[in-house]
> 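Handing you a structure now.
Here is the naming used below: chain letters follow the sequence lines, and residue numbers restart at 1 for every chain. Just so it is clear, the model here is predicted, and its values are computed rather than measured.
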Amino acid sequence: MIKLGRIRIEGFRGIPGLLDVDLSAPITLIYAPNGVGKTSICDAAEWLLTNSIKRLEESAAEVSDFRCDFAASDVPTRVTVSMIAYGETLEVERLLGSCRWRRNSDVYKAVSQSDFLEALAPSAVETNVHKTHANHSRQIWLRGTRFLSGDSLAALLESDSDSMGNRERLFADMLGVGHLIETERQLEIYSKHINQYVKQQTTLIENRRLALRQRQASLDHESRENEKTLLPHSLAKATEALNLLHVDDIPPVKPEPSVSDMRRMIAFLRGELERKKNNWNERRSAEISLAADWPSRFILTEQQSVDQEKSRELTEKITQITKEVGHLREQVEANELERAGQTQSLISDQAIFDNLKNGLAIVSNHLNTYTKLLPERSVFSYQDVVALSGEYPLGRAFQSFLQLAGRTRSDVPEILREGEELRVLRSVHVSLPSAEGKQQTENDLAAAKLRVASLHRDHERIAGPIEQLRHLSASIVDMLTHAEQCPVCAHNWGSAEALRQALNTARKAESPEIWQLASNLEKAEAEVRRLQDELDSYETNVKRATEIDAKISSLEARRTAFFERFDSLGLKVGTDLSALLDGLYAKLSFIFSVRPLLDELSRVNVSNLPASLPIIDYVSQASTELQQRMNEAVAQIEELRKNSATFQLDLERRTRTKSDAEREQVALQQKIENTEFRIHKLRAGWRVLGGERPWTSDILAELSTQLLQENSELLLTEELIDQAERLMEASANLDEISKLESELAPIEAERNRLTSYALAAEVARKAYFDMRQQHVRRQMEEFVRVISALFTRMQSNEVYDRISEGDASSPLSWRAISEGFAMNPDLRFSQGQRQDFALSIFLARARGLGGTFFMDEPLVHLDDLNRVALLDVFRAICLESNQKISIVLTTASKATLRHFVEKFTYVSRDGQSQHTPLLRVIHLEGNPRAGVSLRY
Amino acid sequence: MTKFDPQQAIQLIDDFAVAVDFRRGTIEHFGNAPEVPDASHLWTSEYAQILAVYSHLTEFDIRQNVRNGQEWLDVLCMNREQEFGNVVDAYLVILLNEEPSKQLQGIVREIELDPTACRKHFVWPSNAEDQELRWSRIFRITVLGLPPSPESSGMTNTPKLHDRTQIEVLDDIKNLKPANAARKHGEQVRPAPRR
């Protein structure tokens with residue numbers, strides 16, 4: 001049992017100065033916010049006991065990293081503790097790089113790591129275990145059983161393969177078998193590597209054995225007995241083959257050659273044999289190629305000469321025909337060219353003829369119209385018409401002139417009518433008043449209107465009220481249906497009817513003044529109307545006079561324009577405008593119609609006709625002459641067509657003849673080439689077979705016999721070489737077999753040596769495994785009951801009934817039992833359940849071991865009821881353990897601190913409260929920069 | 001069905017209660033608290049009180065016993081707190097003569113999770129032959145002591161190896177690490193390479 005009393009920490013991790021902590025109470029609760037140094041106290045204890053801090057080792061921290069960065073330079077990095085280890089009182093001081101102790105109040109002495117760890121974990125390590133391994137095992141055991149850190153808990157909560165491996169090692173450490181597992185693991189690694197060497201040797205042996213089997217299988221029984229004679233026999237066979245090959249340049253041969261010598265000689269022989277066989281095959285192929293045409297070799301050469309002569313003749317014939325065909329083609333083309341020219345001329349003459357014929361009738365009509373207007377002249381000759389046409393411009397200018405004449409001619413009747421109208425208009429007279437008279441009338445009208453207005457106002461002023469009274473009295477009369485007395489003067493009229501009649505009479509009576517006013521008003525209004533009519537009449541006359549002037553101006557302008565046109569036509573105004581214009585228009589129309597005829601006549605070569613002929617006769621005779629010329633052209637064209645047909649027939653016939661000759665030439669050329677190839681083949685074959693010797697049948701027979709003989713020799717030579725090679729290979733095989741047999745033995749010995757190491761490792765690993773399994777099973781049987789009780793009481797929400805150990809095949813495993821079913825905690829437990837489970841194992845182990853245990857933040861992931869249950873468990877463990885156990889806990893939770901205080905303050909181990917409390921609370925304050933202090 | 005022997009359960013509770021400084025107490029009658037059956041059992045200490053009450057397997061009985069038991073414990077704890085001046089925990093144990101039905105187990109779980117007044121635990125025998133396993137639910141009572149953990153001498157021994165090669169292998173593994181040890185053994189003697 002290892003029980004720590006006070007621990008003094010200086011310049012270590014998060015503690016810059018000195019911190020003296022009493023850990024002797026059954027429960028020491030270190031409370032501080034994060035970063036004040038809770039974990040540093042746990043780390044200091046771990047460093048002191050194991051000379052390492054596992055969580056820092058995993059992050060590759062150096063020992064120098066253990067020193068507090070904020071420690072003063074004169075403060076050492078030191079942890080001192082007073083402790084009881086297995087009944088012995090120890091004072092231990094650990095500095096960076098050294099450790100010393102004082103045993104049972106003796107003086108301080110330096111202590112080695114091995115001695116110190118042996119004192120803390122004295123059991124277990126055998127004498128034959130190296131110190132390094134023993135130290136490592138003891139470190140693992142101390143750490144696993146004494147410290148439960150946040151990192152350890154985190155490893156318990158994760159499910160990846162690395163974490164599961166870590167968890168298994170942690171459980172193994174808790175159960176005291178971590179060192180066995182570590183050794184097993186190292187033996188497995190060793191086995192894996194040593195088996196690689198064994199496998200290499202096995203592969204070497206198998207390869208050699210396979211080669212040996214293959215060589216032994218190819219060796220016959222006699223070979224081994226005749227081992228000494230194999231190479232001489234091989235040499236004899238090779239020499240015999242060499243003689244048969246008739247080689248001039250023979251390589252030197254030793255009298256007692258080695259296998260290599262024979263291998264080189266056989267290679268030489270095979271090269272020579274191959275060369276000879278190639279030469280023989282070439283001549284044999286030549287002999288075979290001669291066989292087909294050999295009997296007809298002379299006929300072929302004669303036939304070749306005949307065919308070549310025939311080919312030359314055919315070539316000359318084709319050349320001649322080609323020339324004739326060319327000449328004929330030229331003739332055909334010239335004939336066709338002439339016929340096309342004739343045809344084109346005929347078409348042109350026909351068009352002229354048709355135009356003359358059509359135009360003649362039109363011209364006759366216009367000429368008649370024109371001559372009727374000219375009684376002094378009825379005949380116009382060709383030359384007259386040409387002269388007449390020459391008086392006027394050509395083209396569009398003449399057309400415009402003709403259109404102007406036509407329009408002027410059609411305007412004559414209108415011009416005559418407008419002249420009459422102009423004369424009438426000039427005779428019209430419109431009377432108009434003077435300006436003064438008009439002004440007087442306008443003044444009178446204004447005065448009359450003023451007078452009417454004045455009379456109207458007077459009349460309204462006097463007659464208006466009387467009229468209103470009349471309306472009123474009419475209304476009263478209508479109402480007086482039964483009254484007989486006057487409503488004004490009360491005169492009684494005797495009856496209602498009399499009263500109404502009297503009143504109506506009075507109402508209708510008119511004043512003479514009003515009557516006079518009305519009469520004057522009517523007269524004044526009549527005067528106004530008269531004066532207004534007078535003014536209106538005046539305006540009408542002015543308007544009419546203006547219109548007559550405008551009309552006269554318009555007519556005069558039109559007449560002026562007409563006579564200007566008349567002048568432009570070259571006419572003089574006479575008495576009969578219509579006659580003048582009709583004559584001009586008939587003349588122009590005649591000229592317009594005759595001009596196309598004159599153009600056509602100019603295209604007809606009729607110079608022999610007299611120009612004095614009347615134009616009509618002239619055109620008729622020209623047409624007749626043109627007709628005759630056309631008939632001659634038709635006959636000529638027909639003659640040319642017949643000539644073309646004749647040339648064409650001749651051309652086709654010559655072309656066919658040429659094609660026949662060319663085909664014959666092609667066939668003959670092919671025949672010549674074929675014959676040439678056969679002759680060449682014969683000559684080439686003979687050159688290979690007979691060289692320059694004449695190609696007679698006797699010499700061919702002699703050469704064939706020689707080939708047969710050479711073939712026999714070559715076959716025999718090849719057989720001899722094969723025999724020599726077989727003998728040489730048999731000798732070489734025997735050498736190799738001897739060599740392989742000699743190599744195999746040391747490799748097998750080496751493999752056996754390595755196999756012994758592999759077997760030793762496996763046996764050792766099995767021994768460690770068996771011991772571990774046996775120990776774990778025993779441990780598990782004892783532990784499982786406590787673990788199950790701890791776990792179930794921490795599980796307020798009941799899911800699992802109890803915990804049991806795994807089956808015999810995996811002794812480091814656990815099962816959670818629920819309703820009779822066993823489940824794997826690794827797969828089924830939640831994070832909180834895993835933490836509860838890990839705490840259960842740790843506490844069960846701690847109860848068995850006794851001493852001081854460190855638990856860094858063990859309640860972080862627990863729910864409220866679980867936390868309450870765990871506090872009960874801590875309390876129970878401390879009460880029941882009879883001062884065997886001390887637990888150092890850290891927390892950053894104020895609520896957890898209060899809860900601990902409530903649960904533990906008035907509890908004592910011996911039942912005497914207030915004297916020896918179970919719980920000691922240590923408050924840490926400050927930080928690594930400012931310094932860390934504590935208060936209880 | 002397992003025969004119900006309440007004395008077994010009471011004896012087990014007693015054993016584990018005494019281990020954590022409880023002693024048997026007598027059932028008192030308080031005027032301001034409901035009566036609890038005389039057959040009930042009380043364990044008392046300076047820091048906590050445990051009351052064990054029998055109940056029939058009916059919801060009514062269970063709820064009535066729980067209600068009466070926790071009110072009774074409440075009054076008792078108040079009296080104790082006035083007497084000692086510190087907080088006193090209370091634990092109510094309901095003893096059932098057999099495993100409740102599924103329906104009743106739901107009610108049991110609901111009551112056990114209810115933190116009102118005191119911690120509640122239900123105990124009934126299971127079908128296991130082993131007596132401790134049969135009354136394993138007693139181990140769930142958080143305030144009681146625990147079954148003894150086995151005494152341990154710490155780390156177990158390592159196997160004793162006598163074979164010379166095995167000892168050599170282990171020594172080399174520990175001196176050189178496994179891969180280096182294998183390399184040393186594998187390369188000690190190598191056959192001459194083939195010409």
> Check whether any side-chain heavy atom of A:Thr183 lies under 4.5 Å from a side-chain heavy atom of B:Leu170, and answer yes or no.
yes

> Is the shortest heavy-atom distance from the side chain of B:Asp89 to the side chain of A:Lys903 under 4.5 Å?
yes

> Please check: side-chain N/O of A:Arg875 versus main-chain N/O of B:Val143, any donor-acceptor pairing under 3.5 Å?
no

> Please answer whether the main-chain N or O of B:Lys174 pairs with a side-chain N or O of A:Gln186 as donor and acceptor at a distance below 3.5 Å.
no

> Is A:Leu187 close to chain B through its backbone or its side chain, or both, or neither, when contacts mean heavy atoms under 4.5 Å?
both

> Would a 4.5 Å heavy-atom cut-off, applied to side chains only, mark B:Glu187 and A:Tyr197 as touching?
yes

> Tell me, for A:Leu754 versus chain B, whether the close heavy atoms (under 4.5 Å) come from the side chain, the backbone, both or neither.
side chain

> What orientation do A:Tyr190 and B:His185 show, parallel under 30°, tilted 30 to 60°, or perpendicular over 60°?
perpendicular

> Using non-hydrogen atoms and a 4.5 Å limit, figure out which bit of A:Leu790 sits close to chain B: side chain, backbone, both or neither.
both

> With a 4.5 angstrom heavy-atom cut-off, could you sort out which part of B:Glu168 is near chain A: side chain, backbone, both or neither?
side chain

> Side chain, backbone, both or neither: which part of B:Val169 has a non-hydrogen atom closer than 4.5 Å to chain A?
side chain

> Inspect the surroundings of CD in A:Gln774 and state if more than 12 heavy atoms from other residues, nucleotides or ligands are less than 6.0 Å away.
no

> With a 4.5 angstrom heavy-atom cut-off, is it the side chain or the backbone of B:Arg119 that approaches chain A, or both, or neither?
side chain

> Who wins among A:Ala749, A:Ala764, A:Ala869 for the most heavy-atom pairs under 4.5 Å with chain B?
A:Ala869

> Output the option from B:Asp172, B:Val20, B:Leu146 having the highest count of non-hydrogen pairs under 4.5 Å with chain A.
B:Leu146

> Any side-chain heavy atom of B:Tyr47 sitting closer than 4.5 Å to one from A:Leu918?
no

> Check each atom of B:Phe22 against the heavy atoms of chain A and say whether the ones under 4.5 Å are side chain, backbone, both or neither.
neither

> Any donor and acceptor pair, going by atom type alone, linking the side chain of A:Arg847 with main-chain N or O of B:Pro147 inside 3.5 Å?
yes

> Locate the shortest heavy-atom distance separating B:Pro178 from A:Ile189; write the atom from each residue and the value.
CB-CG2, 3.6 Å

> Does anything in residues 107-117 of chain B reach chain A? List residues with heavy atoms under 4.5 Å apart, or say none.
B:Arg109, B:Glu112, B:Leu113

> How close do B:Arg140 and A:Arg793 get, heavy atom to heavy atom, and via which atoms?
O-CB, 3.4 Å

